[in-house]
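Naming: A, B, ... by sequence-line order, numbering from 1 per chain.
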2 protein chains.
Amino acid sequence: MSWSIAELARISGVTSRTLRHYDAVGLLPPAWVAGNGWRHYEREQLLRLQQILLLRNLGLGLRGVAEILERDSRDGTVVVLRRHRRRLIEEQERLRRQLGTVDRTIDEMQEGGTMTADTMFDGFEHNPYEAEARQRWGDEAVDASYERMKGWTPADADKARTSYGRVHEGLAALLAGGVAAADDRVQELVDLHYQVTSLFWTPNAEAYRGLAQMYVDDERFTRNIGQGNDALVAYLRDAMSVYAGTRLR
Amino acid sequence: MSWSIAELARISGVTSRTLRHYDAVGLLPPAWVAGNGWRHYEREQLLRLQQILLLRNLGLGLRGVAEILERDSRDGTVVVLRRHRRRLIEEQERLRRQLGTVDRTIDEMQEGGTMTADTMFDGFEHNPYEAEARQRWGDEAVDASYERMKGWTPADADKARTSYGRVHEGLAALLAGGVAAADDRVQELVDLHYQVTSLFWTPNAEAYRGLAQMYVDDERFTRNIGQGNDALVAYLRDAMSVYAGTRLR
DNA sequence: CTTGAAGTTGACGTAACGTCAACATATACG
DNA sequence: CGTATATGTTGACGTTACGTCAACTTCAAG
């Protein structure tokens, strides 16, 4: 009264390769192995396999399955399942974010938009506008900017990647709240903007005002920064202008 | 004006190993390689890397990223993104189901329940009750049942794994709808129940009635079948009894 | 010239099997 | 009884996107 590997496979709906794998990792050894090497399974193994497949259906890995079956206690099982539950929720959250970004990206592209990350390299016209940047500020300035990036610490790089986005978000909230461009909270964000910009080059008051005006005049920047909210870009310009007047020279 | 691999890594926030990998798979070859084998990257590569990381953030695999960058067209990008979107949604759905099952399992276990799949092997008292089954129906009957499983086709196995669940679900719906146990729709489900049971053993009218009564008398069966809905189990018994009277002898 | 930082090319490990390949054994049949 | 066929066995590679050594070379500074 025992089944061969293929019989158990048919009965349970997995492949014999899977059963051999479970044997190899010690999760489901056969009841006994004949002299010719053939594996034989009995009802005990069928029941264990049933448990294994049940747990695998929950998304558990073989490690988690093994842990539960080894502990063989209600409490132990609940502990493992709770941990697994947290991981599932994290996964779900990640998928939710990715799906949202994908949807937004598809929409933008269908409206003729492009795929530039606003998280990076808006700083000195790297990106589609580099030729113009060379024309506007000169070759040495652009090359010097690239050179400067070599000295970045990991923290600098992180700041360059994330801070523009935070500035834009923060300013949008303040603008929505009716806060004046000269307000300290706004100027604090502009200070962050200036710091990030300084990772690429160091504008003086005049250059910083010019940069601010360019955000408004050049629709590519307007789109990229404001994401459709043109008032935000004007707000940023005003705030940068104040900053230039009070903190730069 | 070029960066070494470590410089580009720091700037972009990935490891140099990743950059070598992208080189190896042809996703991001360096601008040029010096005579000593050192990789050198320029602004073009930085921009491409930026795109790569952006797409990876959407959850795309390197294959998908490469496909988008190779096509280099709005339409092509949208096609790939839509396909990716569908995969994300499927993943999300899978996670949702798993999370639901995990939650239900945790609840059941905390109420002192166990973890038996109702999808399989409720058929002939395999499961915790085998000793009793041997006592009730005799060793030969049980062994013959195991033997019979050897002859299952994949379709049989699938039926054994899924059909009891479908019967219980269907009956619950009919019961909720106030349909009589002798109704054709109910009897059709019972027929499926009988077919599945027959994969394990072949009850005659008397044995089938006895089985039905046992579902009601033994609380382990009642719990497993009814999931808290005791009326459902009684309903099943009545329906099986009708079936035995009209279709079996 | 030594040393340390940074570069290079392998190569293994990860998760859970799918998919050959090469070979042995069991079973049915003429 | 020889043979075809089904079924079994043990490797071993492939998959995904790198992380993590290891062994060795090269560049820059003191």
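For DNA chain C, no neighbouring residue in residues 88-95 of chain A is found when judged by any heavy atom under 4.0 Å. For the contact set between residues 15-30 of chain B and DNA chain C, defined by any heavy atom under 4.0 Å, the members are B:Arg17, B:Arg20. Proximity of residues 55-63 of chain B to DNA chain C (heavy atom under 4.0 angstrom from any strand atom) is not detected for any residue.
Where DNA chain C meets chain B (any atom under 4.0 Å from a heavy atom), the bounding nucleotides read 5' to 3' are C:dG7 to C:dA11.
Ring geometry for B:Phe200 versus B:Trp152: interplanar angle over 60°, hence perpendicular rather than tilted (30 to 60°).
Summary of helix geometry: the two end axes of the helix from C:dC1-D:dG30 to C:dG30-D:dC1, each defined by five base pairs via their C1' atoms, are inclined to each other by 40° (rounded to 10°).
What separates CD1 of B:Ile52 from C1' of D:dC18 is a distance of 14 Å, to the nearest Å. In this structure, A:Trp3 atom CH2 and D:dT7 atom P are separated by 18 Å, rounded to whole Å.
A distance-only check finds no donor-acceptor pair linking the side chain of A:Asp23 to the backbone of A:Arg20 [under 3.5 Å]. Put simply, the side chain of B:His84 gets close to the backbone of B:Leu58: a donor and an acceptor are under 3.5 Å apart. For B:Arg48 (side chain) and B:Leu27 (main-chain N/O), a donor-acceptor pair under 3.5 Å exists by modelled atom type. Put simply, the side chain of B:Arg161 gets close to the backbone of A:Ser12: a donor and an acceptor are under 3.5 Å apart. Remark: the backbone N or O of A:Pro203 is paired with a side-chain donor or acceptor of A:Tyr194 at under 3.5 angstrom. Looking at A:Gln45, its side chain does come within 3.5 Å of a backbone N or O of A:Glu42 through a donor-acceptor pair.
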Please tabulate the protein-to-nucleotide N/O contacts below 3.5 Å involving nucleotides 27-30 of chain D, giving atom names and distances.
| from | atom 1 | to | atom 2 | distance (Å) |
| --- | --- | --- | --- | --- |
| D:dC27 | OP1 | B:Asn36 | ND2 | 3.0 |

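Taking a cutoff of 4.0 Å between a charged side-chain nitrogen and a carboxylate oxygen, B:Glu67 and B:Arg83 qualify as a salt bridge. Using a 4.0 Å cut-off between charged nitrogen and carboxylate oxygen, B:Arg87 and B:Glu90 do not count as a salt-bridge pair. The pair B:Glu169-B:Arg166 fails the salt-bridge criterion, with no side-chain N (NZ, NE, NH1 or NH2) lying under 4.0 Å from an Asp/Glu carboxylate O. A salt bridge is absent between A:Arg10 and A:Glu7; no separation between the charged side-chain nitrogens and carboxylate oxygens falls under 4.0 Å.
Taking the side chain as every heavy atom from C-beta outward, A:Met149 and B:Leu46 approach each other to under 4.5 Å. Taking the side chain as every heavy atom from C-beta outward, A:Gln50 and A:Leu47 approach each other to under 4.5 Å.
For the atom pair CD1 (A:Ile106) and CZ (B:Arg82), the distance works out to 5.5 Å, reported to the nearest 0.5 Å. Distance OH/A:Tyr164 to CG/A:Asn224: 11.5 Å, rounded to 0.5 Å.
There is no side-chain donor-acceptor pair under 3.5 Å between B:Ser2 and A:Tyr146. Counted by atom type alone, B:Arg148 and B:Thr202 present one or more donor-acceptor pairs between their side chains at under 3.5 Å.
Among the candidates B:Ile52, B:Ile68, B:Leu88, the single residue satisfying the side chain to side chain contact (heavy atoms under 4.5 Å, CB included) test with B:Leu60 is B:Ile68.
A:Ser4 has a side-chain polar atom (N or O) that falls below the 4.0 Å cut-off from OP1 or OP2 of D:dG8.
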